[in-house]
Amino acid sequence: MIDYKDPKYTSTERANALLSLMTNEEKVGQMMQLAYKFMTREEALEWAKKGLGSYLHVLGDNADELQRTAINETRLGIPIIFGIDCIHGHALNEYATVFPTQLAMAQSFDREAMRKCGRVSATEVRCDSLHWTFSPVFCIGRDTRWGRINETFGEDPYLIGELGAAIVDGYQNNFVDNTCIMACAKHYIAYGESIGGRDAYDSMVSERMIRETFLPPFEKAAKAGCKTYMTGYQSVDGVPMNSNRRLLREVLKEEVGVDGFIITDWANVRSLIDNQKVCDNFEDASRVSIDAGNDMIMQTEEFYDATLKLIENGQVDMKHIDDSVFRILKAKFDMGLFEHPFEKPDRSKICCDEHVEVDLEVTRESMTLLKNDGILPINTKKVRKIAVIGPNADDLEAQYGDWSCGAANGHRKPATSMLKGIKKRAKKDGIEVVYKKGCDIEKPGKRGFNAAIKAAKESDLIIAVMGDYIELNGEYKSRATLDLPGEQTALLIELKKTKKPIVLVMVNGKPLCINWEAENMNAILETFNSGMVGGTVAAEILFGDVNPSGKLPISFPRTAGQVPVYYNYLPGWHGDNKYKDIEEGPLYPFGFGLSYTTFEYSNLSVSKTEFTEADGEIIVTAKIKNTGKVKGTEIAQMYIHDVVGTVMRPILELKGFERVELDAGEEKTVSFTLPVEELKVVEQNLERVLEKGDFEIMVGGSSVDLPLITTIKAV
Ligand code: BGC
């Protein structure tokens, strides 16, 4: 007989041994996760005694108390797993490191940086007795009206899969020690396609499209060993994800074959009754949720009694319950929770110098220069006085973005607003800085205009810090318009009349329609939500201490009516993405970003011009030269175009990217590995196959600047 407490056995053996000892009550308890903040301490302890599988949003001593109860006061002593939304840093600890949001970090196109951020966040989260984050988001951000765009890695499935897998690896790190946490790939699947960009409605996508576009990032998560997956709020083709047996059980669990478990999103079981109306009681809602493949139920207390009743009446397949409990137990064994339920890193790790350094590194890569007429970097000889103007110059909350839950009010030393960062850097060169807010983000009123205009007139340069704020981003915060809100453009129009040069620094959760600004500003730096050190880094870039290297992970629409305007669309009959009343294409395209230097591409070559599936991969190389006067980093991008398919093929698909650092005048060869798997097509019968024929391979600096092209052939 295997003793489940004995670590000499494998986690599979231990989980099976433990499962065989469990009562139905203990099993159903393990399948539940409840939110601590919605119950009293006594209620929480009661649930711990019943053998609750997991809590969310409780930390530190409170979590430890629940853990002691679970271990010492239950028959089998199964430890609880504590979960948290550590989305771009440990959001429940206001002293923790706050990274840029996923959308902001995606500008770095840097896998290794993502891994490092995952390591830092995991370590800090573990300090507070937590073991699991509901991150990263693998949703595809195509409809920029959607409120949760800031949580995505942008619009491209390849980029999302690569960066997401890297951060999963960073969080989990093979559970080698007490700095590792479980990752959760969410929100399965096609959540971002919710109609009209409205949050959590129906996503009208076919299974073929799911397999071709939305599944691959989750497959990369699975390949990276991601331990958990979250079922989205939305329905797909009229079937709520929570009851979607086809996509959850058959596709994700059985076909992709994830080694781990699936958790529902918040109150998804209840939603089947209250909102989505496919069930009218908890027994039914619990039954379809289990049948569909969900293993752990987030925040629906009624699930407990309802499921016990289902078991008693033989209305639920015990095989499914056992499979769910096995998966949950195995994950707990895999991460060493039975051996080290209380072990945590030293608290001095939270926001330590080493972690701030990682944050600085990634933030330096996570800003994109969208326009520059030569005004940047700031000429410190000519510019002696700067007017910093705008509602986001001195607003840490707007800068941090969603899921930083009050961190902006923490007493974190490195926390630097844009204003603070600019002031500090300007001081080094003895430059005077004056600040006027000018206007609010949304509130109407031009009362602040005069003071801002006066300050502008008395300065040599205006740095306008504008954008949006957290009220316009996040869950249920979709927008129908995407313009710079409130009076901000009106203020810029007035500032422009002063004839002083204007640099616009954007602090925002999603691409905004900044046509007038694109035309009229001297320079634009996109920072999205850059987190804790955003102000320091923006100043470094503005003053030329750091050469910007970010590229856009998402296209900028010209107007909301053009959304979605992603680059990898299927070709139409009447030209590309055209409308009668606006210029064609996005304002700023996917992959675009300027530098203080220039790069030249040459010598494209491929390891094979003809290939079969058996070849496994193709190596694509090209030369890149820094043709400017300063050192810089280029994000070299490789795209493919499948020339003819049995189903329509996107006009372009990103399939490789590498960051290449080059001194002025230096030339390097960049090499991309193109797995043949990435060239496959999901055919009408839903099979994924390599179709014979030509593929164009293109390399360059953005989706609209691909000077190198060659053709390879699948034979
Ligand atoms: C969100 C999830 C999140 C969960 C737990 C839900 O409202 O959709 O992304 O992980 O809450 O906080």
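All ligand and atom numbering here is 1-based and tracks the order in the structure.
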Residue and atom name of the nearest protein heavy atom (relative to atom 1 (C) of ligand 1), distance in Å to one decimal: Glu475 OE2, 3.0 Å
Expected output: side-chain Tyr188 to main-chain Leu247 donor-acceptor under 3.5 Å: yes
Protein contact of atom 2 (C) of ligand 1 - nearest heavy atom, named by residue and atom, plus distance: Asp265 OD1, 3.4 Å
Where ligand 1 meets His187 - atom numbers and elements under 4.0 angstrom, heavy-atom basis: 2 (C), 8 (O), 9 (O)
Please tabulate, for the side chains in residues 29-39, all donor-acceptor contacts under 3.5 angstrom to protein atoms that are two or more places apart in sequence or on a different chain.
{"residue": "Gln30", "atom": "OE1", "partner": "Lys332", "partner atom": "NZ", "Å": "2.8"}
{"residue": "Gln30", "atom": "NE2", "partner": "Gly51", "partner atom": "O", "Å": "3.3"}
{"residue": "Gln33", "atom": "NE2", "partner": "Ser54", "partner atom": "OG", "Å": "3.0"}

Close-contact set for ligand 1 against His57 heavy atoms, below 4.0 Å: 12 (O)
Nearest non-hydrogen protein atom, atom 7 (O) of ligand 1: Tyr233 OH, 2.5 Å
N-O pairing of Asp323 and Arg327 below 4.0 Å: yes
Atoms of ligand 1, numbered as shown, that sit under 4.0 Å from any heavy atom of Asp85: 3 (C), 5 (C), 10 (O), 12 (O)
Numbered atoms and elements of ligand 1 in range of Arg148, under 4.0 angstrom, heavy atoms: 1 (C), 2 (C), 8 (O), 9 (O)
Approximate separation, where rounding is to 0.5 Å, of Ser366 OG and Phe109 CZ: 11.0 Å
Reference residue Glu124; test side chain to side chain donor-acceptor pair (under 3.5 Å); the match among Lys349, His90, His355: His355
Euclidean distance, Glu283 CD relative to Leu310 CG, rounded to 0.5 Å: 5.5 Å
Side chain, backbone, both or neither: Leu56 near ligand 1, heavy atoms under 4.0 Å: side chain
Trp47/Tyr304 aromatic ring centres below 6.0 Å: yes
Residue Lys186 vicinity, atoms of ligand 1 by number, heavy atom under 4.0 Å: 2 (C), 3 (C), 9 (O), 10 (O)
Per-atom contacts, ligand 1 versus Phe134 - under 4.0 Å to a heavy atom: 10 (O)
